[in-house]
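Proteins come first, then strands; the chains are lettered A, B, ... in the order of their sequence lines, and each starts at number 1.
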Amino acid sequence: MFRINPTLLTLTVFAVGPLTIPPGRAVAQPSPLPAPVPSSTPRLPVVLPTPTLDVLPNGLRVIVVERRSAPLVALDLRIKAGTAYETVENNGVAHFLEHLLFKGTPTRKPGEVDAAIEAIGGEFSANTSMDWAQFAATVPASAWHTALEVLADAVQNPAIRAEDLEVERRVILDEMASAENDPTRAPFHALSSVAFENHPYRLSLYGPEENVRRLTREDVLAFWRARYTPGNMTLVLVGDVQRGDVVNKVRALFTAPASPAAAAAAASLPDPTPLTERVRARPLQRDRSLVTVTLGFRAPSVKAVADSVALDVLLQILTGGGRGRLNESLVRDKKVALAVSASYLTQRAPGLLILTAVGPRGDPQVLEEALLAEVRRLLEDGVSDAEVERARRAALGQTLFQEETFSGQANALAFYDAIDTYEYSVRYAEQIAAVTSQDVKRVIRTYLTPERYAAAVMMPRAPTPPSVPGREASR
Amino acid sequence: MKRSLFLTTVFCLAMLLLARPAAAAAAPPEVITLPSGATLIISPETDSPLAVIDIFFRVGYAEEQQAAADPGITSLLSRAWISQSEARGEELLGADIVALGGNVGASFGGDYTELYAVTLATEEAFQKAAQTLILNVIGQPTFPEAAVEEARQSQLRALQLENDQLLADTLSRLRRRLWDLSPYTRSPLGTPESVRAITAQKVRTFYNKYFRPDRAVIVVAGNIPSERVRRIVEANISASGWAGNRPKSPPVAALAPESLSQTPPDVNVSRRARITFMMAGFLAPGTRQAAADYPALLLLEALVGGGKSSRLFRNLRDTKGIGYEVGSLLQPGMYQGLLAGYVATVTSSQQGPNGAPLSNPSDVSRSLIAEMKSLAARPPDEAEIARARALVKGRYALRHERLKERAFLLGWSEVMGLGAAFDTTFDARLDAVTPADLQRVIKSVLGGNHVLSMTLPEP
């Protein structure tokens, strides 16, 4: 999954063993769920806590997993209110709204929403993606009622005061300035802008700077009214709770009426135009000493479950466990790259399989060619059964590691429910275990086409900055 | 890969889901000094299907200076450690690790180096993990030339990547200016020159001198009877010859903390970017010298910039709209720590949106430092302290969701001089901090001089 979070400062510990990477996993199967996995497939000796679903009369979906192994409860509210629901004119409004929601309500002054959750030992996190907005927290089990009350108040009754709008406008401009230099976010946006011609996925999370400066309180409220309706929401609670208590509490707190129009809008999203050639974003010149090359290949949507899961296994073959083909080839053997990555975010509509290489100052074409050489090797030589088996294990391990925590499981359930149904998360392990080398070869042939992809490059500005960045001086 | 192994691994990983992620009800750990001199900490978790063996050494990159070793050798050693042993070649050791489920790794900090494995909580699986880690990796590592060279290349790449990161670079410059003679002034990864100078023989010498049983803290957490844990650990130490005839390691040095007699000049770097990243750092008491003050230090960090109700977040970002990334960090050290506040924002003398003037770097840095120091002038009230206390407790509880992390926190607390019991009595220790304790720590930290490190846009 792809999240944008404030930088975390954890520099005291330098892990050199297996790294914990948030899974870029994709899953899903069209509804109704596919037939059970054939009996020849290894069955998983796993008894996972089972989620329950209750749909309230106003359309709000409530998913509960009762896990009593810790006195904690993870809450995750996912709303079909991401960037893909914007237009060119209001691009940036979903993210702007995410910033404003916790600034207060008619009964809570600025700062009181966060103070209320922190007073019980929790912290709200908020994220916006293409398909959804997320608000989440993990709190002591004894205080989940309080957390839910605060969350319900914040998303249903945001004050969106004019003065808060101006303060957050400036914060967002700061966030955009930070993102400009970010070797992940900036190339991703550049890539999307050329890979999704005339499709909502081309819109940037922040929107253009002129939109951020121009958006009004009424623009933000209009988006909130249109999208923040119960039928567009999934609320997941995982932890030491009882389903009946949760449903009753949610029913009492989320009282807005159903909005059929909003739900209908959530269902319609066209597929992007297929990539028919190589398309390139304008090179980004930044004050960095390294070159980043990012290639995006059209990837399946959440509806194409077999392909989606097979792609997750392919990701492990490419870069799993800090090794994988890209690492062995570009970093260890050819020594043209310092780091490589492969990612794929499952979305409602077809998205991108992204290959990235970071290398020292030099010709970005070298990195691009090295990535393409590995793509061609996959097409020509395929993958071995042993490689696929190792990759399946790694994909599964990554998933289970994520869902070990309450917040990890809540995140997975809410994520899939916002783009299709939470049941895909439940079936994911079985689906991964069923992937064969033929499946992986099929997705390689279908999606990895060296003649049809989008490319974005971030490179150092000229003149060259010194290898130890910047000029150091005292004053 | 055989299907049975696949299923074993899947089973092992799946059991993670069923592990008890609670800190609250943890039984007190048993702390034993073994005949070899190693400390063994056993944390019985009878309802956990997993077991963790987490081995700490009281040696980190801060020790490199004492040892007159090449900077970066601890990092390189960690990277080359799990390669081969006297009895197990690369392939066999690799197979051992795969058989354990692959969840084996190493990490290091200023004051420790760590090696760990997660496995099933059966005696057979635990015996295998102990054999792999203690008998082979700890007891008889060989650090072959090829593994050291591969580790060197990996570390050189990490250095290049780190230099390209704004935050890491700003913090690194702050640390260099904050400390003068202290080993904490060093870069954990060393420099390209020092890393190139490290040979396999130097790694072996450093290892043989410092990675001795008397510096080892072995944590075992999981559902294995204590007596069996002790017997298996001792048997593997004995079989390895690790505790044999070689001398003990030098005693852990008691380094005197440094002080900033005056506020040194700011450390400024220009980059051609629109964003200014600034960080103000203060020296903080070490965890060994001032273990009793560590809970108060955690509260102080939460008050300064932890969460969205902290002073920095409320008064800089929420009220003035300064900065998207606003917060604080605490880097604890055994001898001395670092408390820093940071802001990333667009600064300029030019006009900003809607014709309003943008903040200039001097104004923002003054605000940053003033907000931090305001805790001394305007002590936090009861509600502010209660909020910080709840936040610190909540964050600490979340760190206990995984068995591996629970084992880590026991070992880390022990090697940092806080004692393993610190982890299991955390909430009570936090509750015991009085407003007077807090104010004393606030004054001792924020009443001192500071270092300001800024990465500025080029004029």
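No salt bridge links A:Glu123 with B:Lys308; every basic N to acidic carboxylate O contact stays at or beyond 4.0 Å. Comment: A:Arg461 does not engage A:Asp287 in a salt bridge, judged by the lack of any side-chain N to carboxylate O separation of less than 4.0 angstrom. Looking at B:Glu45 and B:Arg406, a side-chain N of the basic residue comes within less than 4.0 Å of a carboxylate O on the acidic one, giving a salt bridge. Salt bridge annotation for A:Arg169-A:Glu175: absent, with no cationic side-chain nitrogen under 4.0 angstrom from a carboxylate oxygen. Remark: A:Asp240 engages A:Arg68 in a salt bridge, criterion side-chain N to carboxylate O under 4.0 Å.
Of the two parts of A:Val358, only the side chain, counted from C-beta on, holds a non-hydrogen atom closer than 4.5 Å to a non-hydrogen atom of chain B. For A:Val113, no part lies near chain B; criterion is any non-hydrogen pair under 4.5 Å. The part of B:Thr319 that comes within reach of chain A is its backbone (N, CA, C, O), which places non-hydrogen atoms under 4.5 angstrom from that chain. Contact of A:Glu168 with chain B is made through the side chain alone, with heavy-atom distances under 4.5 Å. Proximity to chain B (any heavy atom under 4.5 Å) is shown, for A:Arg286, by neither the backbone nor the side chain. Neither the backbone nor the side chain of A:Glu112 comes within less than 4.5 Å of any heavy atom in chain B. Interface remark: A:Ala337 contributes backbone atoms only to the contact with chain B (heavy atom separation under 4.5 Å). Contact of B:Glu150 with chain A is made through the side chain alone, with heavy-atom distances under 4.5 Å. Residue contact with chain A, scored on non-hydrogen atoms closer than 4.5 Å, is absent for B:Ile82. Looking at A:Phe102, there are no atoms closer than 4.5 Å to chain B (heavy atoms on both sides), in backbone or side chain.
Side-chain contact between B:Glu384 and B:Ser309 is absent, with no heavy-atom pair separated by less than 4.5 Å. At a threshold of 4.5 Å between non-hydrogen side-chain atoms, the residues A:Thr399 and A:Ile432 do not count as touching.
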Check the pair A:Arg213, A:Glu209 against salt bridge (Lys or Arg N to Asp or Glu O under 4.0 Å), reporting the backbone distance first and the verdict last.
CA-CA 6 Å; A:Arg213 294 182 190 282; A:Glu209 193 168 318; 2.4 Å; yes

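Crowding of A:Lys335 atom NZ: a count of heavy atoms from other residues, nucleotides or ligands under 6.0 Å exceeding 12.
The most heavy-atom pairs under 4.5 Å with chain B, out of A:Ile117, A:Val139, A:Asp164, A:Val331, come from A:Val331. Between chain B and the residues A:Gly121, A:Pro140, A:Gly122, A:Ala339, the largest count of heavy-atom pairs under 4.5 Å involves A:Gly121. Options A:Pro360, A:Ser178, A:Ala394, A:Pro183 differ in how many heavy-atom pairs under 4.5 Å they form with chain B, and the most are formed by A:Ser178.
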